Participant: 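Could you have a look at this structure, given as structure tokens, before my questions?
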Amino acid sequence: MNWSDAHISDVLVIGAGLAGERVAIEAAMHGHRVTILSLVPPRRSHSTAAQGGMQAALGNVAEGYGDNPTIHFEDTVKGSDWGCDQEVARLFCERAPVAVRQMSRWGVPWSRVVPGKRTLPDGAEIEDLQEKAGLIAQRQFGGTAKWRTCFASDGTGHVLQYAMDSVVVKLGVTVHDRCEAISLIHHGETCFGAVVIDLRTGELRPYLAKATVIATGGYGRIFGTSTNAVINEGTGMAIAQDTGLVPLGNMEAVQFHPTGIVPANILVTEGCRGDGGYLLDKNLHRFMPDYEPVKKEIASRDVVSRWMLHHIRQGYGVDSPYGPHLWLDIRHLGPEHICTDLREVHTICKNFLGIDCVEALIPVRPTQHYSMGGVRTNKDGEVYGLKGLFAAGEAACWDLHGFNRLGGNSLAETIVAGMVVGERVADFVQEQSLSFPFSLVEDAMAAQAQRLADLRSRKNGAEDAFALRHRMEETLTQNVGIFRNHDALQEAVTTLQGLYERAQNVRLRSSGLGPNPELLAALRLPGMLRLALCISFGALKRTESRGSHYREDYPRRDDDNWLKRTLAYWKPGAPMPDLQYEPVKITELPPGSRGYGEMPIEAGD
Amino acid sequence: MADRLLTFSIFRYNPTTPEIPPRMQEYQLEETMGMSLFIALNRLREELDPSLMFDFVCRAAICGSCAMLINGRPGLACKTLTQDMPGKITLMPLPVFKLVGDLSVDTGVWFRYLNVRTEAWIHTGKVFNPKGIEERMDNPTAQAIYDAERCIECGCCIGACATANMRADFMGAALLNRIARFMIDPRDERPMAQYFDVVGTDEGVFGCIGLMACDDLCPMEIPLQGQLAFVRRKMAQMALKCARCK
């Protein structure tokens with residue numbers, strides 16, 4: 001390697017979505033030198049795709065009066081099915097209002113309270129008071145006792161990311177876009193940075209830092225059928241686990257969003273239902289009140305998705321060439337509401353379904369959406385097992401969400417975790433000096449250079465990276481979905497083990513030179529398969545149902561045996577993850593009833 | 001319709017192998033129902049040519065990554081359906097931006113540079129008080145800011161712009177729209193004179209020659225003609241005011 005290629009800073013942030021940029025801003029505001037790496041220009045990060053909003057207990061709107069962080073906390077814990085870390089949830093709920101207001105200062109055009117009386121779609125009359133005029137407006141989201149979700153039309157993630165990135169630009173934080181970290185550099189139990197491939201040239205460079213932060217988002221694309229952007233391949237989680245020292249927490253906790261459109265799998269926001277939209281079956285019957293008489297369409301996502309799929313299995317799905325689906329009906333909200341507060345949904349329906357959702361029903365089906373699991377950290381964002389390594393946002397298992405995340409809590413998490421973890425990172429690098437053996441970096445670089453050279457010389461076996469990947473996607477989608485059972489999970493584990501073995505023998509069809517897409521696919525594949533195995537094996541071993549993890553053969557929550565978090569390690573060279581468990585911290589709210597999703601769905605119905 | 005055999009003619013060049021000159025390469029693919037260029041290009045890559053470079057991120061027309069010249073017109077590939085296209089589809093990278101390879105161009109560096117140059121962030125002397133409540137804003141103002149803020153920096157307006165194609169330092173409709181967004185934001189305390197220095201120039205709003213391809217081609221349907229007129233009007237008023245002062 002050439003040492004003049006090395007890039008050194010105080011803080012290296014991998015990922016330029018909301019969480020990564022917020023950590024970077026905090027560290028930069030403390031005077032530290034920060035470098036952000038990103039697969040794409042920051043404003044193209046998947047954070048921008050978040051539509052509906054960001055939860056924070058402001059209590060600004062009629063249906064939110066009296067809200068406070070304690071109610072938000074209780075909603076979050078119930079939503080998580082008692083799987084979350086309550087200390088983290090408390091900290092998060094207390095700080096979310098500050099995060100929303102600071103983003104307002106940085107330029108987010110939050111929708112605002114317009115005082116006056118109005119009638120909701122269900123007939124209830126509400127009045128927003130004059131004294132709240134012009135404060136940040138809030139809408140209803142699933143699984144919440146109060147209207148709490150702050151929004152800017154339905155482009156909330158977009159405006160948050162643009163405001164956040166404007167602060168990154170203002171502070172002059174270095175951003176290297178089109179770069180991918182493919183391996184962490186660590187010595188003993190300390191992390192020193194990462195080996196990075198330049199996606200413009202295909203060349204390798206070492207990035208060294210006192211603190212490295214993983215903020216690479218989720219892995220949705222390993223499912224193939226996902227609302228996630230194509231860059232969401234879980235690379236950050238995979239390289240952390242690949243050190244052999246860092247566990248991934250609760251990887252079996254996978255969220256399926258009730259309303260992905262069919263067939264494009266693009267998300268339409270929970271705000272559609274929060275604002276009063278209905279789910280209908282093939283007979284145009286509104287079926288959710290049959291299953292959830294209290295919360296109806298706005299129970300938590302795990303519960304709504306489960307009932308939707310159950311209803312389809314009962315034969316009430318609408319047949320289509322892409323399989324059965326249900327309808328989302330927002331027509332009664334009216335053109336004015338749809339074209340302002342649900343404007344991007346309207347555009348998506350026009351672009352990808354060719355319909356006008358003011359007049360037409362939207363075909364939807366539960367679709368993989370979010371990972372509650374991720375790189376396990378403590379409440380300060382410090383990663384288990386490696387000093388100098390931090391994680392934030394969807395890539396992390398901070399553990400705010402347990403086994404089901406509430407809508408609106410992920411945008412809020414990215415920013416609040418960004419603040420909290422950023423403060424800890426700033427303190428950490430203040431105390432540290434950067435000292436590492438040169439040979440460590442040279443060896444780490446040589447190992448990755450060898451991986452590239454082996455692929456480019458095409459001396460491996462004859463496996464095709466894209467074909468193996470599709471097989472993985474199908475396996476997860478078919479066997480590790482919303483309804484799970486022992487046989488399907490066991491089959492998935494066996495299939496994925498086979499694929500993981502074969503992934504060591506990928507042979508490129510093309511030259512692999514430069515920023516070659518086939519080379520990159522081949523590089524990412526083993527890590528993606530490790531994540532797939534952690535999800536499937538963790539799900540196989542967890543013999544209970546909790547939140548999004550639903551076992552037909554164990555349809556009830558089992559607090560006596562399973563009030564614990566899965567920690568999946570991957571020892572170097574091992575064929576399978578090593579699962580360990582830790583207790584879930586209960587500080588305030590003991591396990592009890594969620595208030596929805598109580599009716600179990602028995603196996604085989 | 002579903003039986004068509006589509007012909008794709010795609011620009012190929014990999015800067016890391018300069019000995020192979022730029023060229024157009026043809027591929028054929030069976031059309032499927034509802035096929036978008038996102039689906040088509042990924043199939044071409046996986047089935048026919050794994051070295052083919054292009055950019056997609058959200059594949060939902062909200063991230064701005066996949067702008068390219070589609071039969072000569074800038075547009076987002078992800079939301080372009082083959083059923084709306086003739087049987088032969090020519091794809092070229094977006095002009096103005098630096099080529100990364102094949103259909104992939106470097107929009108990130110370009111936009112970051114112009115966001116720095118135009119200081120595209122809220123300028124305020126107020127210190128944030130974490131214990132206070134938010135400043136109030138009326139909802140129509142918030143909506144007007146959102147209207148402009150919907151820009152996804154895809155670069156279609158830049159690729160389509162005659163001025164941007166002729167002079168490298170023109171900031172183009174995307175940045176002028178961004179400036180209009182800050183001008184109407186009550187939180188930004190910049191006086192008009194400060195904007196004038198940045199955009200009251202030929203690199204700024206006076207470089208526009210009024211062909212308005214930007215307005216025709218914006219995938220977000222932002223009314224760029226109106227936004228440019230707004231900035232031009234503000235700058236003209238500013239110039240007149242300065243002239244009177246003198």
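A quick note: this is a predicted structure, and the numbers were derived from the prediction, not measured. All chains are named by letter (A, B, ...) in the order of the sequence lines, taking the proteins before the strands, and each is independently numbered beginning at 1.
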Participant: For B/Ser51, is it the side chain, the backbone, both, or neither that has a heavy atom closer than 4.5 Å to a heavy atom of chain A?
Facilitator: both

Participant: Counting only non-hydrogen atoms closer than 4.5 Å, does B/Glu47 touch chain A with its backbone (N, CA, C, O), its side chain (CB onward), both, or neither?
Facilitator: backbone

Participant: Are the charged groups of A/Arg221 and A/Glu233 less than 4.0 angstrom apart, N to O?
Facilitator: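 Looking at A/Arg221 and A/Glu233, the cut-off is not met.
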
Participant: Charged N to carboxylate O below 4.0 Å: is that the case for B/Glu149 and B/Arg178?
Facilitator: yes

Participant: Between A/Asp154 and A/Arg139, is the closest basic N to carboxylate O distance under 4.0 Å?
Facilitator: no

Participant: For B/Ala60, is it the side chain, the backbone, both or neither that has a heavy atom under 4.5 Å from a heavy atom of chain A?
Facilitator: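 For B/Ala60, backbone and side chain are both near chain A.
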
Participant: Do you know which of A/Glu344, A/Arg95, A/Lys170 has the most heavy-atom pairs with chain B at a distance under 4.5 angstrom?
Facilitator: A/Lys170

Participant: What option among A/Gly512, A/Ser45, A/Ser153 has the most heavy-atom pairs under 4.5 Å with chain B?
Facilitator: A/Ser153

Participant: Centre-to-centre under 6.0 Å for A/Tyr162 and A/His158, is that the case here?
Facilitator: yes

Participant: Pick from A/Arg343, A/Arg509, A/Glu518: which one has the most heavy-atom pairs with chain B under 4.5 Å?
Facilitator: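 The candidate making the most pairs under 4.5 Å is A/Arg343.
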
Participant: Charged N to carboxylate O below 4.0 Å: is that the case for A/Asp177 and A/Arg200?
Facilitator: yes

Participant: Please identify, among B/Arg150, B/Lys79, B/Glu221, the residue contributing the most non-hydrogen atom pairs under 4.5 Å to chain A.
Facilitator: B/Arg150

Participant: Side chain, backbone, both or neither: which part of B/Lys126 has a heavy atom under 4.5 Å from chain A?
Facilitator: both

Participant: Run the ring-centre check on B/Phe56 versus B/Phe54 and record whether the distance is less than 6.0 Å.
Facilitator: yes

Participant: Return the option, out of B/Arg112, B/Arg45, B/Met53, with the maximum number of heavy-atom pairs under 4.5 Å with chain A.
Facilitator: B/Arg112

Participant: Given a strict heavy-atom distance threshold of 4.5 Å, which part of A/Val40 is in contact with chain B: side chain, backbone, both, or neither?
Facilitator: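 Looking at A/Val40, just its side chain touches chain B.
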
Participant: Would you call B/Glu135 and A/Arg105 a salt bridge, taking side-chain N to carboxylate O under 4.0 Å as the test?
Facilitator: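 Yes, charged N to carboxylate O under 4.0 Å.
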
Participant: So which of A/Val159, A/Leu519, A/Asp464 has the biggest tally of heavy-atom pairs under 4.5 Å with chain B?
Facilitator: A/Val159

Participant: Please look at A/Asp165 and chain B and tell me whether the side chain, the backbone, both or neither of the residue comes under 4.5 angstrom of a heavy atom of that chain.
Facilitator: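 No part of A/Asp165 comes within 4.5 Å of chain B.
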
Participant: Which atoms of B/Ile152 are under 4.5 Å from chain A, going by heavy atoms: the side chain, the backbone, both sets, or neither?
Facilitator: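 The answer is both parts of B/Ile152.
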
Participant: Using non-hydrogen atoms only, which part of B/Thr124 is less than 4.5 Å away from chain A: side chain, backbone, both, or neither?
Facilitator: side chain

Participant: Sort B/Asp102 into side chain, backbone, both or neither according to what part of it lies under 4.5 angstrom from a heavy atom of chain A.
Facilitator: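 When you check distances to chain A, no heavy atom of B/Asp102 falls under 4.5 Å.
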
Participant: Flag the one option from A/Ala49, A/Ala137, A/Gly155 with the top tally of heavy-atom pairs under 4.5 Å to chain B.
Facilitator: A/Gly155

Participant: Hey, is B/Glu46 close enough to A/Arg469 for a salt bridge, meaning N to O under 4.0 Å?
Facilitator: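 Salt bridge flag = no for A/Arg469 with B/Glu46.
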
Participant: Considering only heavy atoms, which portion of B/Asn14 lies under 4.5 Å from any heavy atom of chain A: side chain, backbone, both, or neither?
Facilitator: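 Interface part for B/Asn14: side chain.
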
Participant: Where on A/Ser511 is there a heavy atom nearer than 4.5 Å to chain B: the side chain, the backbone, both, or neither?
Facilitator: neither

Participant: Counting only heavy atoms closer than 4.5 Å, note whether B/Arg181 contacts chain A via side chain, backbone, both or neither.
Facilitator: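 When you check distances to chain A, only side chain atoms of B/Arg181 fall under 4.5 Å.
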
Participant: Is chain A contacted by the side chain of B/Leu76, its backbone, both, or neither, given a heavy-atom distance below 4.5 Å?
Facilitator: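 Neither part, no heavy atoms under 4.5 Å.
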
Participant: Name the region of B/Cys154, side chain, backbone, both or neither, that has any atom closer than 4.5 Å to a heavy atom of chain A.
Facilitator: backbone

Participant: Report which part of B/Arg59 has an atom under 4.5 Å of a heavy atom belonging to chain A: side chain, backbone, both, or neither.
Facilitator: both

Participant: Could you have a look at A/Val168, A/Val100, A/Val108 and say which one has the most heavy-atom pairs with chain B under 4.5 angstrom?
Facilitator: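 Option with the greatest count: A/Val108.
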
